[in-house]
Amino acid sequence: MKEKSRLIFHLDVNSAYLSWEAAYRLQQGEKIDLREIPSIVGGDEASRHGIVLAKSIPAKKFNIITGETLYSARQKCPELIIAPPRYWLYIQCSNALTEILQEYTPTIQRFSVDESFLDFTNMDHLYPDYIILAEELKERIKKELGFTVNIGISSNKLLAKVASDFKKPDRIHTLFPCELKKKMWPLPVEDLFMVGRATLPKLNKLNIFTIGDLATYNLDLLKHSLKSHGNLIWNYANGIDSSEVRPGKHIEMKGVGNSTTLPFDVCDKKEAHLIILSLVEMVATRLRNSENCCSVISISVKSCDFIGYSHQRKLYSPTDSTDKITNVAWELFDEKWKGEPLRHMGIHITGLCSNEFYQCGLFDDTNIEKAQAIDKTIDEIRSRYGSNSILRSSFLHSGIKSMSGGIGEEDYPIMTSLL
DNA sequence: TCTGGGGTCCTAGGACCC
DNA sequence: TCTGGGGTCCTAGGACCC
């Protein structure tokens, strides 16, 4: 049986955070469009979050790259305009975009806050010309929401994604298998999805410099040096990808984590425990919102000299209790920490499973039930009145936020998982 | 005034079991 | 009385993405 050819769009917001910031400022009456001058969205240096989160196209001309320090970005371009991030705005923009997309097809996969895959397979009766469809989408977004997007079109997700990364902004590109050799093979191999900074030097050592070099390389030799990752990127270089566009509700969550870079080095165990508690408050709330329990708890730290390590433990029975997770996290921390000053701390929970067995009271333990009732009540108060509406007394006068990670700075109802 | 935070997947080594 | 081997689970770390 012949495989039916699919029609996939990949839609990518151009310089998302910066575009959204620019559109918002124009709407607020500001005269300057950040997109037209060297500008970036960047974190707060005083609290040690000073990196570039997004850049304008003029800023890119100064070789400013996402992730570099603001200090270094300013050196490259002294007149650079730096805008602080407004995460609530970006989530609103992302949601507004998704609402428009949903009018066109139900098969949408939000790949990140600013990227989506859309499946238009077998919809030619509605949209006989996919270029006209893409034009309509692009123009509607520009007119109604005030920002531009790139749309990549192909018969699978990988090629659609590569296509959307071609010339920017405000463009539509196709990359069908028949166009591979002409449009994709001449590109540098690091432009391929899943070829990152560790893989690039390994490929270069094998004399692979373009995507075409990779596509035509001997697969067995490649697998020998790069294991299964070699297989993956070789397929990608040849345009092979059969993954489905999966709408959000069909994707199960694998883990939940929050971490934070602290405004000052932490050297005191009590303080460290309080930060762990504030992270667990966020992680555990998100866990309960997802109606899951976890069976693995992991802490991670990074010292002020940027050396980090992690420590994890599997539990005998899954839990969603803030108290229980906190106690295990404290134990894990105490087992590993040698007293070095810490700049970063994080909590991750994995081994998720449905909480339904706990909810129906299979385990008739009054302590567990009581703890669950408390967690549930606190969750409800916070979702109604904001995350700071109720907090543990240990945080009073501590100078440490009662919940950290996630959306963070502003005080507004907790956002459940983005996707 | 240095260097974020949210994820997923894979691998390697050791423990343990048969 | 001289070093099996297959399998699973657990942990730590690293790769990649946005």
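A quick note: this is a predicted structure, and the numbers were derived from the prediction, not measured.
- Computed from coordinates, the Tyr17(A) OH to dC18(C) C1' distance equals 9 Å when rounded to whole Å.
- Comparing dT1(B) with dC17(C), their P atoms are spaced 32 Å from each other, to the whole Å.
- Side-chain atoms of Ser228(A) lie closest to dC10(B) of the nucleotides dT1(B), dC17(C), dC10(B).
- One N or O on the side chain of Thr326(A) and one on the backbone of Thr322(A) form a donor-acceptor pair closer than 3.5 Å.
- In this structure, the nucleotide among dG4(B), dT1(B), dG5(B) sitting nearest to the side chain of Glu45(A) is dT1(B).
- Counting to the nearest Å, the P atom of dC10(C) and the CD1 atom of Ile349(A) are 17 Å from each other.
- No side-chain donor-acceptor contact under 3.5 Å links Thr261(A) to the backbone of Arg48(A).
- In the set dC18(C), dA12(C), dT3(B), the nucleotide with an atom closest to the side chain of Asp114(A) is dC18(C).
- Protein atom CG of Leu315(A) is 11 Å distant from nucleotide atom P of dC10(C), rounded to whole Å.
- Nucleic acid contact class of Val296(A) (heavy atoms, under 4.0 Å, all strands): none.
- For Lys254(A), counting side-chain heavy atoms from C-beta on, the closest listed nucleotide (dT11(C), dT8(B), dG5(B)) is dT8(B).
- Between Ser298(A) and dA12(C) there is no side-chain N or O to OP1 or OP2 distance below 4.0 Å.
- Separating the CZ atom of Arg74(A) from the C1' atom of dC2(B) is a distance of 10 Å, rounded to the nearest angstrom.
- Phe117(A) and His10(A) have tilted rings, their planes meeting at an angle from 30° to 60° on a 0 to 90° scale.
- Residue whose closest nucleotide on DNA chain B sits further toward the 5' end, between Gly255(A) and Val52(A): Val52(A).
- The distance from atom CD1 of Ile297(A) to atom P of dT11(C) is 11 Å, rounded to the nearest whole Å.
- For the atom pair Ser56(A) OG and Asn14(A) CG, the distance stands at 12.0 Å (nearest 0.5 Å).
- OP1 or OP2 of dG5(B) has at least one side-chain nitrogen or oxygen of His344(A) nearer than 4.0 Å.
- Proximity of Asn258(A) to the phosphate of dG5(B): no side-chain N or O atom is located under 4.0 Å from OP1 or OP2.
- With a 3.5 Å ceiling on both atom-pair distances, the Watson-Crick or G-U wobble partner of dG5(C) is dC18(B).
- The side chain of Arg343(A) places an N or O atom within less than 4.0 Å of a non-bridging phosphate oxygen (OP1 or OP2) of dT3(B).
- Distances from the side chain of Lys161(A) to the nucleotides dC18(C), dG13(C), dT3(B) place dC18(C) closest.
- dG4(C) and dG14(B) are spaced 15 Å apart, taking the P atom of each and rounding to whole Å.
- Toward the 5′ end of DNA chain B lies the nearest nucleotide of Thr350(A), the other residue of the pair His229(A) and Thr350(A) mapping further downstream.
- Exactly one of Trp330(A), Phe395(A), Trp337(A) qualifies for a ring-ring contact (aromatic ring centres under 6.0 Å, His included) with His273(A). That residue is Trp330(A).
- Across all strands shown, Glu115(A) has heavy atoms under 4.0 Å from sugar-phosphate atoms exclusively, and none from any base.
- Side-chain proximity of Thr199(A) to the nucleotides dC16(C), dG13(C), dG4(B) is greatest for dC16(C).
- Contact of the Ile82(A) side chain with the Arg74(A) side chain is registered, since non-hydrogen atoms from C-beta on lie closer than 4.5 Å.
- In this structure, Phe193(A) reaches the sugar-phosphate backbone alone: every heavy-atom distance under 4.0 Å involves primed, P, OP1 or OP2 atoms, never a base.
- The CD1-C1' distance, from Ile233(A) to dC9(B), rounds to 15 Å in whole Å.
- In this structure, Ser72(A) does not reach the dC2(B) phosphate: none of its side-chain N or O atoms is under 4.0 Å from OP1 or OP2.
- Closest approach to the Lys227(A) side chain among dT11(B), dT1(B), dC9(B) is made by dT11(B) (side chain taken as heavy atoms from C-beta onward).
- Contacts of Thr260(A) with the nucleic acid, taken as non-hydrogen atoms under 4.0 Å apart, involve only primed sugar atoms and P, OP1 or OP2.
- In this structure, the CG atom of Leu158(A) is 12 Å from the P atom of dC17(C), given to the nearest Å.
- Within the nucleic acid shown, Lys202(A) has no heavy atom closer than 4.0 Å to any nucleic acid atom.
- A 6.0 Å sphere centred on NZ of Lys60(A) holds no more than 12 heavy atoms belonging to other residues, nucleotides or ligands.
- Between the CG atom of Asn235(A) and the P atom of dC9(B) there is a distance of 18 Å, given to the nearest Å.
- The backbone N or O of Asp119(A) sits less than 3.5 Å from a side-chain atom of Thr105(A), completing a donor-acceptor pair.
- Set against dT3(B), dG13(C), dT8(B), the side chain of Arg48(A) has dT3(B) as its closest nucleotide.
- Checking dC2(B), dA15(C), dA12(C) against the side-chain heavy atoms of Gln312(A) singles out dA12(C) as nearest.
- By the 5.5 Å and 30° criteria, Phe111(A) is not stacked with the base of dC18(C).
- Proximity note for Lys314(A) (side chain, C-beta onward) versus dA15(C), dG13(C), dT11(C): the nearest is dT11(C).
- As judged by a 4.0 angstrom heavy-atom cut-off over every strand, Gly43(A) is placed among residues making no nucleic acid contact.
- Looking at heavy-atom distances under 4.0 Å, Arg313(A) makes contact with sugar-phosphate atoms alone, never a base.
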